[in-house]
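Just so it is clear: chains get the letters A, B, ... in the order the sequence lines come, proteins before strands, and each one is counted from 1.
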Protein chains: 2
Amino acid sequence: MASDTTSIKCGECPIRHRAVCSKCEPNELTSLDSLKYYRTVEAGQTIVWCGDEMDFVASIVSGIATLSQTMEDGRTQMVGLLLPSDFVGRPGRAQAAYDVTATTDVTLCCFRKKPFEELMMRTPHIGQRLLEMTLDELDAAREWMLLLGRKTAREKIATLLAIIIRRDASLNLKADGGPLEFDLPLTREAMADYLGLTLETVSRQVSALKREGVIELRGKRHIIVHDMDRLLEETGDDSDGGILT
Amino acid sequence: MASDTTSIKCGECPIRHRAVCSKCEPNELTSLDSLKYYRTVEAGQTIVWCGDEMDFVASIVSGIATLSQTMEDGRTQMVGLLLPSDFVGRPGRAQAAYDVTATTDVTLCCFRKKPFEELMMRTPHIGQRLLEMTLDELDAAREWMLLLGRKTAREKIATLLAIIIRRDASLNLKADGGPLEFDLPLTREAMADYLGLTLETVSRQVSALKREGVIELRGKRHIIVHDMDRLLEETGDDSDGGILT
DNA sequence: CGTCCATTTGAACCGGCTCAACTTCCGTGG
DNA sequence: CCACGGAAGTTGAGCCGGTTCAAATGGACG
């Protein structure tokens with residue numbers, strides 16, 4: 001499972017510079033350090049169910065989780081993808097508003113809600129950072145609304161791939177050397193739930209991109225991009241990702 | 001146009017208790033008072049264009065505005081509906097990320113960005129309130145993602161009507177007396193852009209609801225709801241709006 | 001009364017969904 | 001080592017909801 005994180009000090013934390021605590025001074029970190037506890041969740045397990053009483057908030061330390069909503073008849077829509085450093089839970093709210101599910105093994109840095117809220121009152125840096133992060137998430141949600149409301153299946157798939165690539169690039173910073181390649185962190189079904197499609201349509205569009213030589217599949221999940229420009233065109237977004245603007 | 005608001009004191013402001021300033025102490029209000037200026041925009045006018053340099057932030061005092069994104073080929077998706085007390089702009093960002101358009105005459109309470117950001121640093125209450133508001137908007141955006149990704153045209157229309165009714169109820173608090181009725185603040189096209197549909201589909205679904213006796217139209221924009229329970233069923237959401245839960 | 005714009009309605013089309021069969025890839029146990 | 005079972009993914013065929021294109025209707029305003 002996840003590596004042993006029981007004794008990591010905040011100062012050495014891998015998400016130290018991006019998470020909700022990133023603006024904190026050393027003394028503020030000490031408070032957090034004494035408050036926090038780690039929790040690991042196996043791939044596929046649900047972290048919280050929508051409607052559950054939630055007595056903690058947390059940062060994702062490693063792994064990937066999803067936020068999703070489900071209607072009575074089973075239709076589900078993913079409404080967020082949580083990556084390392086992302087925040088789970090809402091200060092000032094008792095029940096979870098969404099299902100939170102681990103898609104890979106996940107390690108959480110948790111804080112009991114009450115003490116965290118009190119600390120937040122005394123520590124503006126936390127609230128400031130949380131505001132920034134929330135505004136970023138709001139932007140991401142709105143970009144996703146355009147995708148869900150107006151893009152074609154083809155554009156949706158291309159956009160998702162482009163986003164995953166961009167994220168990988170910004171983390172692994174493996175620059176523009178060889179042919180881009182990466183592993184899909186999501187099953188076809190999860191992709192479908194994210195994109196507002198059926199898994200069959202996802203599969204067909206991925207196959208089509210393969211058939212046309214834009215991408216190549218190695219196994220089910222590993223993707224090699226042969227024609228990045230073409231992929232970006234297929235997203236339907238303007239500009240070339242901001243390079244030529 | 002909009003009423004003369006040039007000399008309103010913050011203490012007497014109609015959105016005093018809901019806007020970004022709602023947590024402020026009297027002395028903090030004084031600072032805001034000296035910083036603010038009003039601006040009115042006519043119905044149909046664009047307040048800011050996506051990409052524009054934005055040197056101010058603002059609260060909506062009266063009227064309704066929309067946030068929307070447009071693709072090169074003209075497809076547009078509304079990503080937010082701004083009502084009185086809602087906040088426009090993002091502290092710490094230079095360019096507008098969306099088109100902001102007045103759908104009715106709008107009055108804005110503006111602050112130049114720089115001074116506002118400085119005031120925010122000194123006044124945690126503003127940041128705290130902005131965080132609350134942003135979290136609420138994020139929830140609304142995510143609810144909208146479910147609608148865009150998974151709901152049928154019929155459900156989308158019913159949901160939009162239900163939301164407008166709920167909002168009216170919470171503002172006008174006209175309680176559950178006579179038959180619910182209200183004016184649509186949006187054209188069919190704006191509704192379509194909001195719901196990720198075409199205006200023809202919107203029109204057809206509204207007509208269908210009328211034909212089935214769920215609602216009645218008086219003119220193009222005025223709607224009378226004859227069967228609220230039925231309308232709520234048609235939204236596809238679980239529960240009866242939380243009343244019976 | 002005529003013009004303009006919002007809205008409605010109709011008819012044909014098509015993208016994505018549904019249902020169903022098949023394939024691949026695993027892990028597990030004989 | 002292979003057989004088995006199950007989960008994940010692929011592919012096909014037909015259908016249907018929503019779009020597209022086009023024309024008609026209605027309402028507000030000069």
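Between Thr201(B) and Gly219(A), the residue anchored nearer the 5' end of DNA chain C, judged by the nucleotide with its closest heavy atom, is Thr201(B). Remark on DNA chain C: of its neighbouring residues Gly196(A) and Leu199(B), the 5'-side contact belongs to Leu199(B), judged by nearest-heavy-atom nucleotide.
Between Ser59(B) and Ile15(B), the shortest heavy-atom distance links the atoms CB-CD1, 3.9 Å. Summarising the geometry of Val41(A) relative to Ala102(A), their closest heavy-atom pair is CG1-CB, 4.0 Å, with the distance given to 0.1 Å. In this structure, Ala158(B) and Leu231(B) approach most closely via the heavy-atom pair CB-O, 3.7 Å.
Distance, Met191(B) CE to dT8(C) C1': 14 Å, rounded to whole Å. Here dC25(C) presents its C1' atom at 17 Å from NE2 of His222(A), a figure rounded to the nearest Å. Per the geometry, CG belonging to Leu184(B) stands 15 Å off P belonging to dA6(C), to the nearest Å. One atom, CG of Leu217(B), and another, P of dG26(D), lie 14 Å apart when rounded to the nearest Å. Atom CD of Glu189(B) is separated from atom P of dC4(C) by 19 Å (rounded to the nearest Å). Across the protein-nucleic acid pair, Gln205(B) atom CD and dT7(C) atom C1' stand 15 Å apart, rounded to whole Å. For the pair Leu209(B) CG and dT8(C) P, the computed distance is 12 Å after rounding to whole Å. One can place CD1 of Ile157(A) at 14 Å from C1' of dG15(C), the figure rounded to the nearest angstrom.
Residues Thr76(A) and Asp193(A) have side chains that bring a donor and an acceptor to within less than 3.5 angstrom of each other.
Here the side chain of Arg204(B) is nearest to one of dG12(D), dT20(D), dT10(D), namely dT20(D). Side chain of Lys220(B), nearest nucleotide from dG16(C), dG27(D), dT11(D): dG27(D). The side chain of Glu200(B) sits closest to dC21(D) out of dT10(D), dG18(D), dC21(D). You'll find that the side chain of Leu197(B) is closest to dT19(D), out of dT19(D), dT24(C), dC21(D).
Counting atom types as modelled, Arg75(B) pairs no side-chain N or O with a base atom of dT20(D) as donor and acceptor under 3.5 Å.
Regarding contacts with the backbone of dT20(D), every side-chain N or O of Thr198(B) stays at 4.0 angstrom or more from both OP1 and OP2. One finds a side-chain N or O of Arg221(B) lying less than 4.0 angstrom from the OP1 or OP2 phosphate oxygen of dT7(C). In this structure, Arg188(A) reaches the dT10(D) phosphate: one of its side-chain N or O atoms is under 4.0 Å from OP1 or OP2.
Residue Glu200(B) places its CD atom among more than 12 non-hydrogen atoms of other residues, nucleotides or ligands, all under 6.0 Å distant.
With salt bridges taken as basic N to acidic carboxylate O contacts below 4.0 Å, one links Glu137(A) and Arg142(B). Using a cut-off of 4.0 Å between Lys/Arg side-chain N and Asp/Glu carboxylate O, Glu216(B) and Arg218(B) are scored as salt-bridged.
Nucleic acid contact class of Leu195(A) (heavy atoms, under 4.0 Å, all strands): none. Using a 4.0 Å heavy-atom criterion, one finds that Leu186(B) contacts no nucleic acid atom at all. Using a 4.0 Å heavy-atom cutoff across all strands shown, Ser203(A) reaches at least one base atom of the nucleic acid.
Annotation: proximity of residues 141-154 of chain A to DNA chain C (heavy atom, distance under 4.0 Å) is found for Thr152(A), Ala153(A), numbered in ascending order.
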Does Arg204(A) form a side chain to side chain contact (heavy atoms under 4.5 Å, CB included) with Thr198(A)? I'd like the steps, not just the answer. CA-CA 10 Å; Arg204(A) 271 186 254 272; Thr198(A) 58; over 6 Å; no
